[in-house]
Amino acid sequence: MNAPAELAKVIASQPDASLGYKDFSLGSFGFRRDEYFAHITWKTRDGRPMSHTLDVGNYLRALMRDVAWGFFYGWVNFDDVVGTVNHYQSVDMYAGSYNGTMKEAGIDMLENFPTAQIRATFEAMLDDWTNETFDPFSAPQETGTPYGRKNGNNTAKITRARELAKRCVGLKGDLNLRSDESGAKVNRAFADVPQEQPELHPEPGFENDVHAFNLFGFLSRSQVTWNPSFTSVVKHSYMCPTTEEHILPIIHGNDRVEWFFQMTDEIHWDCGDKNTGKPMARVIMKAGDMSAMPAYCRHQGFSPKRSMLLVWENGSPTLVYEIQKGESPEIPVQF
């Protein structure tokens with residue numbers, strides 16, 4: 001095993017003389033961008049050169065989530081061809097491996113990397129390819145264009161720290177409430193959301209045990225989209241609410257059951273088979289609806305206007321292996 005410093009080395013070219021962007025390499029994969037597109041290249045097992053092209057704005061939005069989420073639970077499909085799978089000590093980078101047609105044709109490629117290695121490459125690529133006018137965490141109406149030649153960077157926006165409570169938002173020594181003073185102003189879509197906090201009257205000695213906060217007010221001040229925060233944590237039970245607008249930039253493939261509670265407005269979900277991408281269901285969730293995504297599916301959401309979604313995650317580090325062994329179910333409930 002290479003030392004951590006070796007794993008963190010990034011293989012990149014000099015900036016292109018015309019466009020200003022670097023090319024990147026990771027194992028068998030190559031990454032290049034131009035003014036409009038990201039291009040991923042690889043060789044098949046019999047040596048044939050292959051390539052895949054994505055809109056660079058879509059690619060950067062997906063890359064942003066993969067980096068910010070630490071490769072998340074299971075599959076992060078950038079589209080129906082390329083993506084990553086998190087094994088929690090290492091990460092697969094693949095092209096076509098979970099696309100039924102490409103897999104059958106034998107033109108797919110999957111390669112496993114230590115997490116530190118792929119993370120360093122993805123972080124460097126995200127920083128180099130994101131211009132100062134573009135924030136890949138923002139809704140399209142709230143940011144500039146990702147297109148064109150190299151024009152500065154937006155390092156501050158792409159290195160935002162995820163907001164993760166240890167017990168609950170607002171507790172002493174835990175994640176603070178959002179406020180104007182902290183730079184978290186109320187989003188344009190939530191101007192009518194009340195900001196008052198509940199009154200608390202705990203018995204003496206229980207001031208750090210009895211707690212409540214205004215979750216809708218907290219979410220109304222979210223500066224990003226499709227980026228779950230931890231607002232309460234009980235052992236491995238994580239409440240991860242988020243605000244959603246436009247399209248979930250990735251197609252998430254589950255390695256465990258994931259619960260959704262639609263708190264405001266609506267989200268339309270396209271669901272498919274995790275391994276092949278074959279369509280399985282179309283789910284339209286409106287305020288008050290609850291659903292669960294089983295561990296055998298992939299899903300992508302479409303939010304016509306900014307909405308609030310509560311995601312419940314079972315963060316047990318052993319759950320994925322229990323499901324693989326058949327010791328835990330792939331479905332949320334049996335009747």
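Residue numbers count from 1 along this sequence. FYI, side chains are in, hydrogens and waters are out, and symmetry mates aren't considered; it's all heavy atoms of this structure.
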Evaluate the side chain to side chain donor-acceptor pair (under 3.5 Å) criterion for residues Ser220 and Gln195: first the C-alpha distance (whole Å), next the side-chain angles of each, then the deciding distance (0.1 Å), finally the verdict.
CA-CA 9 Å; Ser220 73; Gln195 298 296 311; 3.0 Å; yes
Check against salt bridge (charged side-chain N to carboxylate O under 4.0 Å, His left out), Arg119 and Asp66:
CA-CA 9 Å; Arg119 181 174 58 232; Asp66 216 11; over 6 Å; no
When you measure from the side chain of [X] to the backbone N and O of [Y], does any donor-acceptor pair fall under 3.5 Å?
{"X": "Arg162", "Y": "Pro228", "result": "yes"}
{"X": "Thr143", "Y": "Asp135", "result": "yes"}
{"X": "Tyr73", "Y": "Asn254", "result": "no"}
{"X": "Thr133", "Y": "Thr145", "result": "yes"}
{"X": "Lys150", "Y": "Gly152", "result": "yes"}
{"X": "Asn214", "Y": "Glu196", "result": "yes"}
{"X": "Ser303", "Y": "His246", "result": "no"}
{"X": "Arg65", "Y": "Arg61", "result": "yes"}

Side-chain touch [X]/[Y], heavy atoms, less than 4.5 angstrom:
{"X": "Leu54", "Y": "Ile40", "answer": "yes"}
{"X": "Trp259", "Y": "Pro332", "answer": "yes"}
{"X": "Tyr147", "Y": "Phe37", "answer": "no"}
{"X": "Phe213", "Y": "Leu177", "answer": "yes"}
{"X": "Asp16", "Y": "Lys22", "answer": "no"}
{"X": "Arg298", "Y": "Asp273", "answer": "no"}
{"X": "Asn112", "Y": "Val91", "answer": "no"}
{"X": "Ser307", "Y": "Met263", "answer": "no"}

Under a 3.5 Å threshold, yes or no: a donor from one side chain and an acceptor from the other, between [X] and [Y]?
{"X": "Arg178", "Y": "Gln223", "answer": "no"}
{"X": "Ser28", "Y": "Glu111", "answer": "yes"}
{"X": "Thr115", "Y": "Gln117", "answer": "no"}
{"X": "Ser328", "Y": "Glu322", "answer": "yes"}
{"X": "Glu163", "Y": "Ser222", "answer": "no"}
{"X": "Asn314", "Y": "Ser316", "answer": "no"}
{"X": "His39", "Y": "Thr53", "answer": "yes"}
{"X": "Thr155", "Y": "Asp127", "answer": "yes"}
{"X": "Thr130", "Y": "Asn154", "answer": "no"}
{"X": "Gln324", "Y": "Asp255", "answer": "no"}

Could you check whether the rings of [X] and [Y] sit parallel, tilted or perpendicular, using 30° and 60° as the cut-offs?
{"X": "Phe24", "Y": "Trp129", "value": "perpendicular"}
{"X": "Tyr98", "Y": "Trp75", "value": "perpendicular"}
{"X": "Phe31", "Y": "Phe122", "value": "perpendicular"}

Asp180 vs Arg221, test: salt bridge (charged side-chain N to carboxylate O under 4.0 Å, His left out). Steps then yes/no.
CA-CA 9 Å; Asp180 288 348; Arg221 295 174 176 274; 2.8 Å; yes
Counting only heavy atoms not in Glu327, do more than 12 sit closer than 6.0 Å to its CD atom?
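More than 12 heavy atoms, drawn from other residues, nucleotides or ligands, come within 6.0 Å of this atom.
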Does CD in Gln197 sit with more than 12 non-hydrogen atoms of other residues, nucleotides or ligands closer than 6.0 Å?
yes
I would like to know whether Arg256 and Val320 meet side chain to side chain contact (heavy atoms under 4.5 Å, CB included); could you show each step before the answer?
CA-CA 6 Å; Arg256 64 197 70 206; Val320 59; 4.0 Å; yes
Which residue in the set Asp108, Asn99, Asn77 passes side chain to side chain donor-acceptor pair (under 3.5 Å) when paired with Tyr94?
Asn77
Kindly say whether the aromatic ring centers of [X] and [Y] come within a distance under 6.0 Å.
{"X": "Phe261", "Y": "Trp312", "result": "no"}
{"X": "His252", "Y": "Phe72", "result": "yes"}
{"X": "Phe302", "Y": "Trp269", "result": "no"}
{"X": "His299", "Y": "Phe260", "result": "yes"}

Is [Y] reachable from [X] through a run of hydrophobic residues whose side-chain heavy atoms are each under 4.5 Å from the next?
{"X": "Tyr238", "Y": "Val257", "answer": "no"}
{"X": "Leu164", "Y": "Val233", "answer": "yes"}
{"X": "Met308", "Y": "Val311", "answer": "no"}
{"X": "Ile284", "Y": "Met290", "answer": "no"}
{"X": "Met93", "Y": "Val10", "answer": "yes"}

Any cation-pi pair here, Arg167 with Phe230, using under 6.0 Å and within 45°?
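No, a cation-pi geometry is absent between Arg167 and Phe230.
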To the nearest 0.5 Å, what is the distance between CH2 (Trp69) and CG (Asn86)?
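CG of Asn86 is found 12.0 Å from CH2 of Trp69.
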Separation of Leu310 CG from Thr242 OG1 (nearest 0.5 Å):
10.0 Å
Step-by-step salt bridge (charged side-chain N to carboxylate O under 4.0 Å, His left out) determination, Arg282 to Asp270
CA-CA 5 Å; Arg282 172 79 167 172; Asp270 282 347; 2.6 Å; yes
Would you check, one step at a time, whether the test salt bridge (charged side-chain N to carboxylate O under 4.0 Å, His left out) holds for Arg306 with Glu142?
CA-CA 12 Å; Arg306 204 176 192 95; Glu142 297 179 337; 3.4 Å; yes
Using the rule ring pair (Phe, Tyr, Trp, His ring centres under 6.0 Å), only one of Phe78, Tyr36, Phe134 pairs with Tyr59; which is it?
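In the set Phe78, Tyr36, Phe134, the residue that makes a ring pair (Phe, Tyr, Trp, His ring centres under 6.0 Å) with Tyr59 is Phe78.
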Leu309 vs Ile267, test: side chain to side chain contact (heavy atoms under 4.5 Å, CB included). Steps then yes/no.
CA-CA 9 Å; Leu309 177 71; Ile267 297 178; 4.1 Å; yes
Please lay out, stage by stage, how Glu313 and Glu258 fare under the test side chain to side chain contact (heavy atoms under 4.5 Å, CB included).
CA-CA 6 Å; Glu313 299 280 6; Glu258 193 174 28; 2.5 Å; yes
Can you check side chain to side chain contact (heavy atoms under 4.5 Å, CB included) on Met293 and Cys271, steps first, answer last?
CA-CA 8 Å; Met293 300 294 167; Cys271 306; 3.8 Å; yes
